[in-house]
S.K.: 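Can you keep this structure in mind? I'll have questions shortly.
So you know, we letter chains A, B, ... as the sequences are listed, proteins then strands, and number each from 1.
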Amino acid sequence: MSENILEIKHLSKSFGTHEVLKDIDFNVKAGDVTSIIGSSGSGKSTLLRCINLLETPTSGEILFHGEDVVSGRINQSRYRAKVGMVFQSFNLFYNMSVLENCLIGQHKVLKSEKAEAMDRAIHYLDRVGMTPYINAKPHQLSGGQKQRVAIARALAMQPEVLLFDEPTSALDPEMVGEVLDAMKGMAKAGKTMLVVTHEMAFARDVSTKVVYMADGVIVEEGKPGEVFVNPQNPKTREFLSRFL
Amino acid sequence: MLAQLLADIASIWAKYGSVYLNGIKNTLILAIVATLIGCIIGFICGILQTIPCAPQDGIVKRVILKIIRILVRVYVEVFRGTPMILQAVFIYYGVPYFFGYTFSSIWTVSIVVVSINTGAYMAESVRGGIMSIDIGQTEGAKAIGMTHFQTMLYVILPQTLKNIMPQIGNNYIINVKDTSVMFIIGFSEFFAVHKMVSGAIFKYFPSATMEMAGYLCMTLLASFILRWVEKKLAGAGSYELVNADQLAATAGTYNYPKKGSPFDETSKEFRNER
């Protein structure tokens with residue numbers, strides 16, 4: 001239970017001369033639900049994108065079960081398949097139906113059997129309450145529905161860690177609830193999750209660990225009870241005072 | 001006047017009708033085949049030009065990609081920047097001149113010339129089409145572990161094809177008309193028939209009228225078919241809701257091979273908990 005799935009060591013990322021991430025260190029254990037909070041521009045999303053190698057870190061290491069994924073020894077596509085990602089802008093494949101969105105990765109990446117893939121896709125679509133819409137195309141769905149399909153698509157790949165990049169930020173308040181409910185269900189089922197979010201209630205009530213970031217560094221991390229109730233750093237205190 | 005024209009057309013048609021029809025047939029076959037091959041060339045060039053190149057990639061890969069890009073660029077610029085009538089002459093006489101190979105059929109030369117000309121235009125259309133697809137689609141595909149090749153094949157290119165369908169139609173219609181320059185190397189398409197027939201019987205205007213009507217029919221038909229294809233590609237406008245109970249009954253009946261992860265939701269612990 002205590003094994004680190006992901007270890008991030010001295011991770012830095014610069015865009016030109018602008019240093020977005022400065023010497024980030026932190027670990028993700030199996031079963032952790034980690035919320036990364038902080039104001040916009042603090043590097044939260046960049047950190048997540050670095051972990052999934054959508055951005056190449058400038059320096060530092062990302063260890064997946066002790067193996068460095070940045071140096072390129074490990075097959076990047078295979079690594080990405082084990083680390084799922086849910087995007088703010090959903091990124092569902094527009095040329096496919098809801099069901100096909102959940103099948104394509106299993107067929108082409110995992111090379112699963114047809115029956116197994118189908119069963120798994122429907123299982124997860126059912127978990128997020130989207131089974132009635134399996135024949136719909138993404139553009140026919142509402143934002144909340146799209147995001148729930150995106151979660152099912154990520155889950156269908158059976159990832160070891162699931163990354164969420166502000167999954168509710170593009171949704172109106174009514175739809176935020178349905179997506180958060182789906183995420184709560186996953187947290188309860190013991191999924192390892194890393195969530196960048198502005199939903200403080202989710203961070204406080206659902207996550208097992210909270211990380212507060214500002215200006216590209218981790219200012220404070222700890223159990224939600226500690227960070228929210230008794231923040232040690234004045235920056236954290238100021239940030240949280242605006243929400244609570 | 002008009003009665004005279006109609007009478008002339010009727011007399012030409014009676015004598016040379018089958019020759020005109022054969023010209024139409026040749027024009028259509030050349031335009032369709034060359035547009036298809038041109039599309040394939042265009043897709044290959046477009047795909048080659050959009051292979052991502054990251055600074056951390058090896059030097060060999062970067063050099064090869066650079067060379068490919070330069071070659072494609074040169075091809076596009078040369079064949080987009082010179083008249084097709086000249087390209088036809090250039091290839092028809094140039095290949096035997098340099099390689100000693102004489103084309104056995106005028107069809108081969110014509111298809112080659114029109115195809116690579118179309119390919120040069122399509123390469124740019126495909127490149128634009130690929131670039132117009134939201135970067136999120138690529139990221140979504142990468143995030144579930146697809147390789148660049150899989151991402152292109154299953155996600156990007158199907159969307160690109162739909163987006164550039166009007167452009168493909170455009171090229172096809174241009175080809176129907178522009179294959180007329182192939183008369184220069186003796187290909188007997190629709191316009192060459194006009195030159196031959198009117199030269200024999202000196203009825204230039206009635207023959208030209210027939211040609212105008214013939215080309216217009218071919219292009220209008222093409223527009224009509226292309227609209228229909230576009231509509232087909234757009235897919236159904238609505239969808240059927242699926243009965244959830246029906247699906248729930250099938251979900252969970254599959255007997256998974258043991259994967260052994262405690263967080264696999266299909267594992268025994270989870271099922272019991274549920």
S.K.: Pick one of side chain, backbone, both or neither for N95(A), based on which atoms fall under 4.5 Å of a heavy atom in chain B.
M.R.: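 Answer is both: backbone and side chain atoms of N95(A) are under 4.5 Å from chain B.
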
S.K.: So which residue, K108(A), R78(A), K82(A), ends up with the most heavy-atom pairs under 4.5 Å with chain B?
M.R.: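 Heavy-atom pairs under 4.5 Å are most numerous for K108(A).
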
S.K.: Does atom CZ (R227(B)) have a neighbourhood of more than 12 heavy atoms from anything else shown, all under 6.0 Å?
M.R.: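 Counting neighbours around CZ of R227(B), 12 or fewer heavy atoms of other residues, nucleotides or ligands fall under 6.0 Å, so no.
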
S.K.: Salt bridge between E139(B) and K142(B), side-chain N to carboxylate O under 4.0 Å?
M.R.: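 Answer for the salt bridge query: no.
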
S.K.: In terms of side-chain heavy atoms, does S97(A) have a donor or acceptor partner in N135(A) at a distance below 3.5 Å?
M.R.: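 N135(A) and S97(A) do not have a side-chain donor-acceptor pair below 3.5 Å.
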
S.K.: Need one label for V86(A): side chain, backbone, both or neither, based on atoms under 4.5 Å from any heavy atom in chain B.
M.R.: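 When you check distances to chain B, no heavy atom of V86(A) falls under 4.5 Å.
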
S.K.: Given that the side chain runs from C-beta out, which part of Q150(B) has a heavy atom under 4.5 Å from chain A: side chain, backbone, both or neither?
M.R.: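 Side chain only.
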
S.K.: Does the distance from a Lys or Arg side-chain N to an Asp or Glu carboxylate O, for R73(B) and E124(B), drop under 4.0 Å?
M.R.: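 Salt bridge between R73(B) and E124(B), a charged N being under 4.0 Å from a carboxylate O: yes.
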
S.K.: What part of L92(A) gets within 4.5 angstrom of chain B, counting heavy atoms only: side chain, backbone, both, or neither?
M.R.: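 Just the backbone, heavy atoms under 4.5 Å.
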
S.K.: Picking from A136(A), G105(A), G129(A), which has the most non-hydrogen pairs under 4.5 angstrom with chain B?
M.R.: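 It is A136(A).
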
S.K.: Is the positively charged end of R153(A) above the ring of F93(A), judged by distance under 6.0 angstrom from the centroid and angle within 45° of the axis?
M.R.: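 Verdict for F93(A): a cation-pi partner in R153(A).
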
S.K.: Which answer fits Y94(A), side chain, backbone, both or neither, if we ask what part of it has an atom under 4.5 Å from a heavy atom of chain B?
M.R.: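 Contact with chain B: backbone and side chain both.
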
S.K.: Is K13(A) positioned over the aromatic face of F15(A), cation under 6.0 angstrom from the ring centre and no more than 45 degrees off axis?
M.R.: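 The answer is yes; both the distance and angle limits are met.
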
S.K.: Which of the residues H139(A), Q106(A), M96(A), R49(A) is involved in the greatest number of heavy-atom pairs with chain B at under 4.5 angstrom?
M.R.: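 Counting heavy-atom pairs under 4.5 Å, the top option is R49(A).
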
